[in-house]
Amino acid sequence: GMGMMFIFYSIPALSLALVAWAVVSRRLSSGPRRASMVAAFVLTCGAFTLVRTSGITGAGASDLQWRWTPTPEERLLAQAGDRPATLASPPAAKTSVEPPAALGSAKTAMSSSAPPAVKAREKRRKSKAVDEPATIPPAPPVPPAKVDWPGFRGPARDGIIPGVRIATDWVKSPPVELWRRPVGPGWSSFAISGVLLYTQEQRGEEEVVSCYKLTTGEPVWRHGDAVRFWESNGGAGPRATPTLSNGRVYAFGATGVLNALDAANGAVVWSRNAASDTGAKLPGWGFSSSPLVVGDLVIVAASGRLAAYDVATGKSRWLGPAHGGSYSSPHLATIGGVKQILLMSGAGATSVAPANGTLLWEHAWQGSTIVQPALTANGDVLIAVGDAMGGIGMRRISVAHRPAGWTAEERWTSRGLKPYFNDFVVHNGHAFGFDGSILACIDLEGGERKWKGGRYGHGQLLLLPDQDLLLVLSEMGELVLVAAAPDQFAELARFPAIKGKTWNHPVLVGDVLLVRNDQEMVAFRLSLADR
């Protein structure tokens with residue numbers, strides 16, 4: 001399964017030791033030569049005890065650090081003056097969800113990586129919160145600020161930003177850094193409303209939903225739940241992105257905690273545990289679904305099963321079909337004039353009615369599902385799956401509502417673009433995205449690859465359709481501009497933005513670009529193009 005991916009890379013010291021011992025055992029006989037080689041073997045293994053892995057890259061390479069150096073999270077927790085004015089305490093009803101036995105419990109994962117001082121402090125904090133109510137009454141309605149970026153990949157979850165044109169000569173007009181701030185680990189992106197931004201992170205024993213000022217990066221409020229998720233490939237922290245709607249923030253944590261918070265101050269409106277509600281087991285890489293608000297419902301994917309809740313009360317409204325694992329998020333689409341919720345899961349693509357979760361159609365294509373589906377101009381659906389080694393390919397399916405019911409038929413399957421956990425965009429009859437660690441473009445008419453170029457690792461990208469432009473954030477934190485054109489690969493500009501492994505989706509609102517990874521977040525101002 002997906003939780004077993006790259007185990008060899010996750011424990012480099014043990015892997016190398018086993019390989020070395022196998023070679024020594026087969027090639028050496030007894031005597032002084034054997035004794036000297038055994039001594040060398042022991043010294044080599046001892047050297048590897050001096051390092052630790054901070055996870056792996058998208059290609060499976062281990063990120064090794066000296067064992068005695070503090071982690072970025074430990075350095076962040078040791079800072080003074082990082083606490084916002086408002087700290088919203090979690091309800092007592094929230095409890096940790098036990099991960100699979102292969103990963104150990106959430107408590108074990110926390111104990112292995114959180115500093116003792118942090119654990120003691122958090123224990124004291126939690127002991128004071130046991131009598132707090134599970135929910136609080138909603139605050140009087142306040143007109144919500146305009147939502148500029150509601151959450152994961154933008155308003156349509158497609159990574160497309162119309163109406164914005166930026167200067168592409170970054171030698172003449174490079175991105176200007178507005179602020180830079182340490183942040184706790186996690187692979188969340190941002191939601192933005194007015195002068196406030198929202199994200200998720202891990203801080204010691206607390207999984208946190210945070211609010212910061214967009215203009216300065218200063219903390220405004222922070223809500224914490226007493227849970228910690230960690231796995232060896234991606235590290236600690238939440239995987240999803242918060243969603244803004246009607247003055248509230250909806251956030252789904254890596255262990256299954258779903259919160260509805262007041263966007264102004266972080267107060268808990270209601271809280272549920274979607275893992276318990278659906279009976280879903282904690283996936284190897286954690287729950288990764290970003291909440292989707294449709295009408296009076298907020299919908300999350302608890303692994304491969306959709307769960308819908310009333311936005312006002314948190315009451316469970318419906319559960320969708322259970323279809324294996326998934327790291328994808330629910331996706332709102334209109335096909336044939338009918339609104340529906342799409343979800344990629346281990347069984348393939350599934351569509352349900354938003355009102356009650358009734359199954360509309362399914363299309364089988366087994367594999368690992370992480371990226372979002374997309375629609376073509378005529379309403380066909382593009383889906384992608386992977387396996388333990390990466391992306392398998394992309395498929396175009398034709399969906400139609402006929403008198404006998406819905407149908408979903410394959411038009412083509414292509415290996416010209418093989419997204420794995422890096423989302424793609426659709427533009428002018430073509431799809432642009434990451435084929436492994438290299439950018440690629442395919443024609444949507446037949447799935448043929450048009451070009452492949454630019455080694456940016458397993459990064460993420462946005463599309464500025466008004467100027468046929470891709471804004472790429474590489475896995476190593478570089479910003480790159482690439483032409484969104486099918487004739488050839490063309491890199492237009494490059495700029496160093498952030499250091500370290502960067503899997504988080506970037507966000508562009510007006511002329512402000514936000515990027516983050518599991519260590520820090522940065523805001524840049526981009527020069528707008530002359531119209």
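We number each residue from 1, following the sequence as shown. Because the structure is predicted, anything quoted here is derived from the model rather than measured.
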### Task
For the pair S188 and T199, evaluate side chain to side chain donor-acceptor pair (under 3.5 Å) and give the outcome as yes or no after the intermediate values.
CA-CA 6 Å; S188 174; T199 192; 3.3 Å; yes
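- Formation of a donor-acceptor pair under 3.5 Å by the D468 side chain with backbone atoms of A485 is not found in this model.
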### Task
Could you walk me through whether R272 and D277 pass the salt bridge (charged side-chain N to carboxylate O under 4.0 Å, His left out) test, one step at a time?
CA-CA 8 Å; R272 296 294 298 242; D277 293 340; 3.2 Å; yes
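- Contact record, S326 with S345: CB-CA, 3.8 Å, taken as the closest heavy-atom pair.
- Qualifying salt bridge (charged side-chain N to carboxylate O under 4.0 Å, His left out) partners for K452, counting only residues two or more places apart in sequence or in other chains: D435.
- In this structure, the side chain of N273 does not engage the main chain of V257 through any donor-acceptor pair within 3.5 Å.
- Using a 4.5 Å heavy-atom cutoff, the side chains of V298 and T243 are not in contact.
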### Message
Before you tell me yes or no, could you show the steps for M394 and K418 under side-chain contact (heavy atoms from CB on, under 4.5 Å), namely the whole-Å CA-CA distance, both residues' side-chain angles and the distance that decides it to 0.1 Å?
### Response
CA-CA 6 Å; M394 182 174 289; K418 300 181 289 297; over 6 Å; no
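- Checked by atom type, the side-chain pair Q372/S328 shows a donor-acceptor distance below 3.5 Å.
- No side-chain donor-acceptor contact under 3.5 Å links E74 to the backbone of A78.
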#### Entry: Verdict with reasoning, I335 to V381, per side-chain contact (heavy atoms from CB on, under 4.5 Å)
CA-CA 9 Å; I335 303 175; V381 180; 3.7 Å; yes
### Step-by-step side-chain contact (heavy atoms from CB on, under 4.5 Å) determination, W270 to Y309
CA-CA 11 Å; W270 54 260; Y309 299 90; 4.1 Å; yes
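- The shortest side-chain heavy-atom distance between P242 and Q200 falls under the 4.5 Å cut-off.
- Between the side chain of D148 and the main chain of V509, no donor-acceptor pair closer than 3.5 Å is present.
- Taken to the nearest 0.5 Å, the CG atom of L473 stands 8.5 Å off from the CG atom of L462.
- Taking 4.5 Å as the limit, some side-chain heavy atom of F152 sits within range of a side-chain heavy atom of D423.
- Atoms CG and CZ, on D262 and R248 in that order, are 8.0 Å from each other to the nearest 0.5 Å.
- Considering only residues two or more places apart in sequence or on other chains, D310 meets the salt bridge (charged side-chain N to carboxylate O under 4.0 Å, His left out) condition with R317.
- Between the NZ atom in K213 and the CG atom in L196 there is a gap of 9.0 Å [rounded to 0.5 Å].
- Looking at V472 and L479, their side chains never come closer than 4.5 Å, going by heavy atoms from C-beta outward.
- Nearest heavy-atom pair, P238 versus A254, reported as atom, atom and distance to 0.1 Å: CA-CB, 3.9 Å.
- What you find for S290 and S329 is that their closest heavy atoms are N-OG, 2.9 Å.
- A donor-acceptor contact shorter than 3.5 Å is absent between the side chain of S271 and the backbone of V269.
- Using bins of under 30°, 30° to 60° and over 60° for the plane-to-plane angle, the ring pair F421/W503 lands in the perpendicular bin.
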### Message
What verdict does the salt bridge (charged side-chain N to carboxylate O under 4.0 Å, His left out) test give for E73 and R203, after you've listed the backbone C-alpha separation in whole Å, the side-chain angles of each residue and the deciding distance to 0.1 Å?
### Response
CA-CA 7 Å; E73 184 185 7; R203 289 176 177 252; over 6 Å; no
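- For L76 against P182, the heavy-atom pair with the smallest separation is CD1-CB, 3.8 Å.
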### Message
Under the criterion side chain to side chain donor-acceptor pair (under 3.5 Å), I'd like the reasoning laid out for S437 against E475: C-alpha separation, chi angles, the key distance, then a yes or no.
### Response
CA-CA 9 Å; S437 61; E475 187 175 14; over 6 Å; no
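- Taking both residues in full, the closest heavy atoms of A333 and L342 are given as CB-CD1, 4.0 Å, listed atom of the first, atom of the second, then distance.
- A salt bridge links E520 to R180: at least one charged side-chain nitrogen sits closer than 4.0 Å to a carboxylate oxygen.
- Under the rule for a side-chain hydrogen bond (donor to acceptor under 3.5 Å, both in side chains), the partners of Q460 that lie at least two apart in sequence or sit in another chain are H505.
- Within the 4.5 Å cutoff, the side chain of W179 has no heavy atoms near those of the E218 side chain.
- Rounded to the nearest 0.5 Å, atoms OG (S303) and OH (Y327) are 6.5 Å apart.
- Side-chain atoms of D225 never come within 3.5 Å of backbone atoms of V227 as a donor-acceptor pair (strictly under, hydrogens ignored).
- Between F434 and Y456, the angle of the ring planes goes over 60°, which puts this pair in the perpendicular group of the 30/60° scheme.
- Contacts classified as salt bridge (Lys or Arg N to Asp or Glu O under 4.0 Å) and involving residues 505-517 (residues at least two apart or in different chains) are given here: D511-R525.
- In terms of heavy-atom proximity, F424 sits nearest to L461 at CA-CD2, 4.5 Å.
- At a threshold of 4.5 Å between non-hydrogen side-chain atoms, the residues V294 and I341 count as touching.
- Looking at V371, L417, V426 one by one, the single match for side chain to side chain contact (heavy atoms under 4.5 Å, CB included) with L382 turns out to be V426.
- Ring planes of F524 and F495: perpendicular class, angle over 60° (limits at 30 and 60°).
- The closest side-chain heavy-atom distance from I192 to L214 is below 4.5 Å.
- Remark: side-chain polar atoms of Y198 are paired, donor with acceptor, to backbone N or O of A263 under 3.5 angstrom.
- Residues Q202 and R228 have side chains in contact (heavy-atom distance under 4.5 Å, counting atoms from C-beta outward).
- Note that CD1 of I166 and CG of L508 are 6.5 Å apart. Values are rounded to the nearest 0.5 Å.
- Looking only at distances, a side-chain donor or acceptor of E231 sits under 3.5 Å from a matching main-chain atom of G234.
- For E478, the salt bridge (charged side-chain N to carboxylate O under 4.0 Å, His left out) partners are R494, not counting sequence neighbours.
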### Message
Please determine whether side chain to side chain donor-acceptor pair (under 3.5 Å) holds for the pair S189 and N504, giving the CA-CA distance in whole Å, both sets of side-chain angles, and the decisive distance to 0.1 Å.
### Response
CA-CA 6 Å; S189 183; N504 313 63; over 6 Å; no
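- Without hydrogens or angle criteria, R239 side chain to G186 main chain gives no donor-acceptor distance under 3.5 Å.
- Residue pairs satisfying the salt bridge (Lys or Arg N to Asp or Glu O under 4.0 Å) criterion with at least one member in residues 154-164, sequence neighbours excluded, are absent.
- Distance alone, capped at 3.5 Å, places no donor-acceptor pair between the S193 side chain and the A191 backbone.
- In this structure, W285 and Y420 have perpendicular ring planes: the angle between them is above 60°, well past the 30° mark.
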#### Entry: From CA spacing to verdict: side-chain contact (heavy atoms from CB on, under 4.5 Å), V480, E491
CA-CA 7 Å; V480 186; E491 180 180 306; 3.6 Å; yes
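- Distance check: I442 CD1 to R449 CZ gives 9.0 Å after rounding to the nearest 0.5 Å.
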